[in-house]
Asker: 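Take this structure, written in structure tokens, and hold onto it; I'll ask about it next.
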Amino acid sequence: MSKSPTRHLTALTAAQVNTLLAVAVIGAVVTGLVSWAVGTEWARLWTFLHAAFGVMVLVLTPAKANGSVRVGLRRGRTSRWVSLIFAGLILAIIVLGLLHGTGLWYGVGYWTSLWTHFLLAFVAVPLLLWHMLARPVRTRAVNLDRRMFLGGGVAAGIAATTVGAVELGTRAVGAAGGDRRFTGSHEIGSFDPQAMPVVSWINDRRPTLDPDDWPFTVGGIPVDLDPLRGRVGAVEAALDCTGGWWSNQSWDVISFTELFESIEPVGDLDPRAEVDRARSVLVRSATGYQRLFPLTDADQTFLAFGYNREPLRRGHGAPVRIVAPGRRGPWWVKWVTEIELSDRRWWLQLPFPAD
């Protein structure tokens, strides 16, 4: 009779378990950030890897508990309570991810289970760094043996199989999580703007400027919004929020390319003449929030005035916002007041705005 594959887990030394847990936790952090940022089909792979790394932590937990955790608790050091808090945070993060993925719990209002998942993860990162510095993983060459790679392979295999089984089971029973987008987000309010959530990035707040007297410039040239409204066309695109929801709308837009072509020079200011020298497009909100977009995407990045043939609502960015198909919510800048060409490369900015 063949032995159970889990024997490879019980055969691991404490140092090997710690090494594999460090790989799993760091892998979960990295893939989580990448999946959070990617708005294309590639997000499906990163989301799966993120979930697999998270489940791998659970798979390795019994071996960790029977090894170094038991020894550490016996020592009775005061710092053990910090370690236990860290362990509790990791467990809560994984459970929240599972609840979001299956759709068993969305959260409270717009405060979603996924956003709580991310928030706790950011809280846990300093504790992770402390834990690794206070109790460094001493991986010696002798520990990187066949036993460790077999144990790691078994843990990864169990984790990947579990994630796949949960995904298939969620769809089979018709749970809400079965209809998630490839980013892992749940659909809310498609083609119904009134039902689309009103959220902002971190501490961004609705501006107090009068929408009827909106200051809007392109390349430093003041531009009247009314003539631009007469040039809009319809583009269907999904706003995929990092809070875990997405909503598809038919947006009334004008592309960046059309926008720059429509601007008449004023004195020495001529945005059209700068296009050949620029590398990116800088968009700034009335709140100070800003993003750089690749100039090569100017045909596929839009300034939106409305959706489904009605004006934007204030909370959705009225009077003008950005529509950036294939990019996540932080790129869809609201309450736009300035658009200008820049010689900076678009990737010379934080992956996520810090304000």
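All residue numbers in this chain count up from 1 along the given sequence. We use all heavy atoms of the structure for the numbers below, so side chains are in, but hydrogens, waters and symmetry mates are not.
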Asker: What closest approach, in Å, do Phe118 and Thr242 show between heavy atoms, and which atom pair accounts for it?
Answerer: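 Looks like CE1-O, 3.6 Å.
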Asker: Judged by atom type as modelled, is there a donor-acceptor pair below 3.5 Å linking the side chain of Ser35 to the main-chain atoms of Gly32?
Answerer: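 Side chain of Ser35 to backbone of Gly32: a pair is present.
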Asker: Does the cation-pi check pass for Arg229 over Trp214, that is, NZ or CZ under 6.0 Å from the six-membered ring centre and within 45° of its axis?
Answerer: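 No, Arg229 does not lie over the aromatic ring of Trp214.
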Asker: Are Phe48 and Leu98 connected in the hydrophobic side-chain network, where two residues link if heavy atoms are under 4.5 Å apart?
Answerer: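 The answer is no; the residues belong to distinct hydrophobic clusters.
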Asker: Ignoring hydrogens, what is the shortest heavy-atom contact between Ala155 and Leu60? Give both atom names and the distance.
Answerer: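 Taking Ala155 first and Leu60 second, the nearest heavy atoms are CB-CD2, 4.0 Å.
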Asker: Using the side-chain hydrogen bond (donor to acceptor under 3.5 Å, both in side chains) definition, which of the options Glu167, His186, Glu187 pairs with Arg180?
Answerer: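 Filter result, single survivor: Glu167.
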Asker: Over all heavy atoms of both residues, which pair between Val323 and Ala304 is shortest? Give the atoms and the distance, please.
Answerer: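 Distance-wise, the nearest heavy atoms are CG2-CB, 3.5 Å.
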Asker: With side-chain contact (heavy atoms from CB on, under 4.5 Å) as the test, would you mind laying out the steps for Val320 and Leu312 before giving the verdict?
Answerer: CA-CA 7 Å; Val320 282; Leu312 291 171; 5.5 Å; no
Asker: Side-chain heavy atoms nearer than 4.5 Å, only ILVMFWY residues, links allowed to pass through others: does that put Leu91 and Ile85 together?
Answerer: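 The answer is yes; both residues are in one hydrophobic cluster.
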Asker: Step through it carefully: locate the ring centre of Trp335, locate the ring centre of Tyr289, and say whether they are under 6.0 Å apart.
Answerer: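 Between Tyr289 and Trp335, which both carry aromatic rings, the centre distance is not below 6.0 Å.
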Asker: Mind running side-chain contact (heavy atoms from CB on, under 4.5 Å) on Gln349 and Gln290 for me, showing each step along the way?
Answerer: CA-CA 10 Å; Gln349 62 184 332; Gln290 62 184 38; over 6 Å; no
Asker: Will you find, in the side chains of Asp299 and Ser255, an N or O donor that is under 3.5 Å from an N or O acceptor?
Answerer: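 Per modelled atom types, Asp299 and Ser255 side chains form no pair under 3.5 Å.
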Asker: When the ring planes of Phe293 and Phe256 are compared, do they come out parallel, tilted or perpendicular, using 30° and 60° as the limits?
Answerer: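 Plane angle over 60°, so perpendicular.
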Asker: With a 4.0 Å cut-off, would you call Asp240 and Arg328 a salt bridge?
Answerer: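 Looking at Asp240 and Arg328, the cut-off is met.
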Asker: Is it possible for you to say whether Leu282 and Trp331 belong to one hydrophobic cluster, with membership spreading through side-chain heavy-atom contacts below 4.5 Å?
Answerer: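 Leu282 clusters together with Trp331.
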Asker: Classify the angle between the aromatic ring planes of Tyr307 and His316 as parallel (below 30°), tilted (30 to 60°) or perpendicular (above 60°).
Answerer: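 Tyr307 and His316: perpendicular rings.
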Asker: side-chain contact (heavy atoms from CB on, under 4.5 Å), that's the test. Do Val198 and Arg206 meet it? Break it down for me.
Answerer: CA-CA 10 Å; Val198 176; Arg206 301 183 194 186; 3.4 Å; yes
Asker: Do Thr47 side-chain atoms and Arg44 backbone N/O form a donor-acceptor pair below 3.5 Å?
Answerer: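 Checking the backbone N and O of Arg44 against the side chain of Thr47, no donor-acceptor pair under 3.5 Å is found.
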Asker: Leu225, Val336: one ILVMFWY side-chain cluster at the under-4.5 Å cut-off?
Answerer: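 Linked within one cluster.
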Asker: Checking side-chain contact (heavy atoms from CB on, under 4.5 Å) against Leu21, which of Val57, Val59, Ile26 comes through?
Answerer: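 Only match with Leu21 under side-chain contact (heavy atoms from CB on, under 4.5 Å): Val57.
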Asker: Hydrophobic clusters here meaning ILVMFWY residues chained together by side-chain heavy-atom distances under 4.5 Å, can you tell me if Val125 and Val23 are in one?
Answerer: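 Unlinked, Val125 and Val23 end up in two clusters.
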Asker: Show your working on side-chain contact (heavy atoms from CB on, under 4.5 Å) between Val29 and Phe53 and close with a plain yes or no.
Answerer: CA-CA 9 Å; Val29 171; Phe53 276 121; over 6 Å; no
Asker: Please check if the distance between the ring centroids of Trp251 and Phe302 is under 6.0 Å.
Answerer: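 Here the rings of Phe302 and Trp251 have centres that are no less than 6.0 Å from each other.
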Asker: According to side-chain hydrogen bond (donor to acceptor under 3.5 Å, both in side chains), who are the partners of Asn308, at least two apart in sequence or on a separate chain?
Answerer: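 Testing Asn308 for side-chain hydrogen bond (donor to acceptor under 3.5 Å, both in side chains), a comparison that skips the adjacent residues, returns Gln249.
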Asker: Asn18 and Lys64: which non-hydrogen atoms are nearest, and at how many Å?
Answerer: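 It is OD1-NZ, 2.6 Å.
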